[in-house]
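Reading through the structure tokens given below for one structure.
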Amino acid sequence: MMAKRIFTDKVIIRRAVLAAAVLLFSILQNTPGWFPQLAGVRALIIIPLVTSIAMYERDTAGMLYGLFAGALWDITARGNSFNAIFFLITGFVCGVLINTVMRCNFITHLLLTAAATVIYNTGYWLWHYVFAGLDMKITMLLRFYIPGMVYTLLLSPVVFWLVMLLERKLRD
Amino acid sequence: MNRFLKSSGFKLFVIILSALIAGSVISVVSKSGSSPLNKAVSVVFGPASRLAGSISSSFANLPISFKSSTYYKKQAEQLKKEVDSLREQLVDYEELVHQNEFYKEFLDLKEEHTDYKFTKAAIIGRDAADKFSSFTLNKGSSGGIAVNDPVIYGKYVVGTVVSVTPTQCVVNTLLNPKTNVSAYEIRTGEVSFVTTTVEYSKQNLCVMPGLSPSTAVTAGGLVCTAGISGIYPSDLIIGSVDDIVDATADISASAIIKPGVDFSQLTDVFIITEFDGQAK
């Protein structure tokens with residue numbers, strides 16, 4: 001009974017800390033002046049955070065963290081829950097892949113983050129530029145969205161390391 | 001595979017995904033631009049965004065202080081203190097001048113148009129994936145804000161509200177190619193509309209297409225809202241004419257407009273919630 005109680009408390013604390021991390025990363029990413037831009041390009045640090053958490057917490061918890069992160073992002077974006085849906089799917093798929101065919105390590109994290117980043121940025125670009133019939137589509141992709149993907153991927157090891165550290169500290 | 005499809009995790013995933021899609025459909029049908037989940041999350045976590053936004057505004061002057069302290073480190077301690085003190089006073093003074101100008105223009109506008117109802121709002125967030133200077137304000141439907149309400153800074157047009165939750169709203173600025181404002185040039189009276197393209201938006205410019213090939217509009221002319229659509233009241237300043245160029249598709253001319261506001265530097269704006277002739 002006592003052991004079970006301690007385990008429950010640990011899980012609650014871990015999940016609360018991870019939720020706080022999601023909230024902090026959302027604020028960092030979407031508040032003006034809180035995260036450095038490189039030549040006008042901003043990193044989408046929520047993406048590596050959601051994939052990292054989903055890798056450690058697996059499918060069900062991963063999709064709920066994804067939903068939370070996406071819903072927070074939707075506050076500053078106009079898109080009818082686009083981010084909530086995208087990150088719900090991302091969290092679930094990452095969790096399922098780790099459960100079934102992948103190992104939870106840095107290489108798989110990089111693969112999953114790269115896939116999610118490419119899908120998010122390409123989808124955003126297709127929806128907001130190509131389907132909207134705007135000019136300079138290719139320039140915007142090359143000038144902002146591809147550098148944005150690279151910037152996000154460059155930061156993803158740091159995010160993975162932070163989540164790994166939190167998981168190790170809070171699971172022991 | 002069957003076991004996966006029957007798992008509780010997958011069922012929960014399908015239920016949440018269906019609920020989110022249903023919420024999105026509701027937001028499209030209700031034309032509020034925000035889903036029920038979005039509204040709920042913004043009410044619960046909006047204060048965190050607002051707090052972050054206000055901290056961000058408060059710390060906007062920090063780089064100046066850091067620069068000055070680094071520079072004056074080499075100077076005598078007494079002189080450094082004096083300079084820092086003067087610098088602080090200067091920052092305070094500039095802030096006051098800036099705020100004074102902001103409120104003075106707003107007061108003029110309020111006195112000229114007694115039918116306008118305003119709400120002051122602060123910028124608390126900018127979507128990291130958006131490149132058209134859209135931003136989030138700390139006022140929502142509980143403060144009387146609705147979709148399509150015009151947003152201004154002094155007498156200058158900033159943009160329109162495109163989605164509203166009870167505590168927050170998202171604004172598309174004039175630098176968003178989806179924004180169209182009916183407009184006229186005040187000297188010649190030529191009427192058209194102001195929009196932008198991605199190319200002009202990148203240079204912080206707008207375009208007023210469809211002018212006659214022999215247009216009398218010249219660089220330096222002032223462009224104001226015409227108030228035709230009922231979204232913007234008439235006679236708000238959009239910006240000044242930067243150049244006149246020939247259209248690429250037809251024989252008309254286009255005026256390149258430099259907006260009167262630097263959207264990247266905005267921290268506070270006013271939302272016009274009511275005016276005579278507003279489209280309902």
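Per chain, numbering begins at 1; letters A, B, ... match sequence-line order. Small disclaimer: the values here were computed from a predicted structure and weren't measured.
Contact annotation for B/Gln168: only side-chain heavy atoms (C-beta onward) come within less than 4.5 Å of a heavy atom of chain A. Of the two parts of A/Ile27, only the side chain, counted from C-beta on, holds a non-hydrogen atom closer than 4.5 Å to a non-hydrogen atom of chain B. Looking at A/Ser26, there are no atoms closer than 4.5 Å to chain B (heavy atoms on both sides), in backbone or side chain. Heavy atoms of B/Val170 lying under 4.5 Å from chain A belong exclusively to its side chain. In this structure, the portion of A/Trp73 lying under 4.5 Å from any heavy atom of chain B is its side chain and not its backbone. For a residue to count as touching a neighbouring chain, one of its non-hydrogen atoms must lie under 4.5 Å from one of that chain's; by this rule A/Leu28 does not touch chain B. Contacts of B/Leu37 with chain A are made by side-chain atoms alone, with heavy-atom separations under 4.5 Å and no backbone atom involved. Both the backbone and the side chain of A/Ile85 come within contact range of chain B, each with at least one heavy atom under 4.5 Å from a heavy atom of that chain. With a 4.5 Å cut-off on non-hydrogen atoms, A/Tyr145 touches chain B through its side chain but not through its backbone. Proximity to chain B (any heavy atom under 4.5 Å) is restricted, for A/Thr60, to the side chain, taken from C-beta onward. Contacts of B/Ser134 with chain A are absent, with no heavy-atom separation under 4.5 Å from either backbone or side chain. With a 4.5 Å cut-off on non-hydrogen atoms, A/Ile46 does not touch chain B at all.
In this structure, the ring of B/Phe132 has its center no less than 6.0 angstrom from the ring center of A/Phe144.
Enclosure of atom NZ in B/Lys258 is not indicated, since only 12 or fewer non-hydrogen atoms of other residues, nucleotides or ligands lie within 6.0 angstrom. No more than 12 heavy atoms of other residues, nucleotides or ligands shown are found within 6.0 angstrom of CD1 on B/Ile251.
The line from OG1 of A/Thr31 to CD1 of B/Ile123 is 12.5 Å long, rounded to the nearest 0.5 Å. Once rounded to the nearest 0.5 Å, the distance linking NE2 of A/His128 with NZ of B/Lys131 reads 12.0 Å. Distance check: B/Phe135 CZ to A/Asn30 CG gives 15.0 Å after rounding to the nearest 0.5 Å. Distance check, rounded to the nearest 0.5 Å: CG of A/Asp135 to OG1 of B/Thr196 gives 8.0 Å. Distance check: A/Ile89 CD1 to B/Leu20 CG gives 9.0 Å after rounding to the nearest 0.5 Å. Taking CD1 from B/Ile124 and CD1 from A/Ile75, the interatomic distance works out to 8.0 Å, rounded to the nearest 0.5 Å.
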- Message: Quick one, B/Leu12 with A/Met63, criterion side chain to side chain contact (heavy atoms under 4.5 Å, CB included). Give me CA distance, side-chain angles, the key distance, then yes/no.
- Response: CA-CA 9 Å; B/Leu12 185 63; A/Met63 77 175 163; 3.5 Å; yes
- Step by step, work out the side chain to side chain contact (heavy atoms under 4.5 Å, CB included) result for A/Phe92 and B/Leu17. CA-CA 11 Å; A/Phe92 183 70; B/Leu17 189 62; over 6 Å; no
- Intermediate values then yes/no, side chain to side chain contact (heavy atoms under 4.5 Å, CB included), B/Lys178 and A/Leu134: CA-CA 9 Å; B/Lys178 289 174 190 162; A/Leu134 298 185; 5.6 Å; no
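For the residue pair B/Asp130 and A/Tyr124, the shortest heavy atom distance occurs at CA-OH, 3.4 Å. In this structure, B/Ala129 and A/Leu44 approach most closely via the heavy-atom pair N-CD2, 4.3 Å. Heavy atoms only, all atoms of each residue included: A/Gln29 and B/Ala128 are closest at CG-CB, 3.7 Å.
The side-chain contact (heavy atoms from CB on, under 4.5 Å) with B/Phe13 is formed by just one residue from the set A/Leu88, A/Val93, A/Leu67; it is A/Leu88.
Within residues 101-114 of chain A, no residue has any heavy atom less than 4.5 Å from a heavy atom of chain B.
Within the 4.5 Å cutoff, no side-chain heavy atoms of A/Val96 are placed close to those of B/Phe10.
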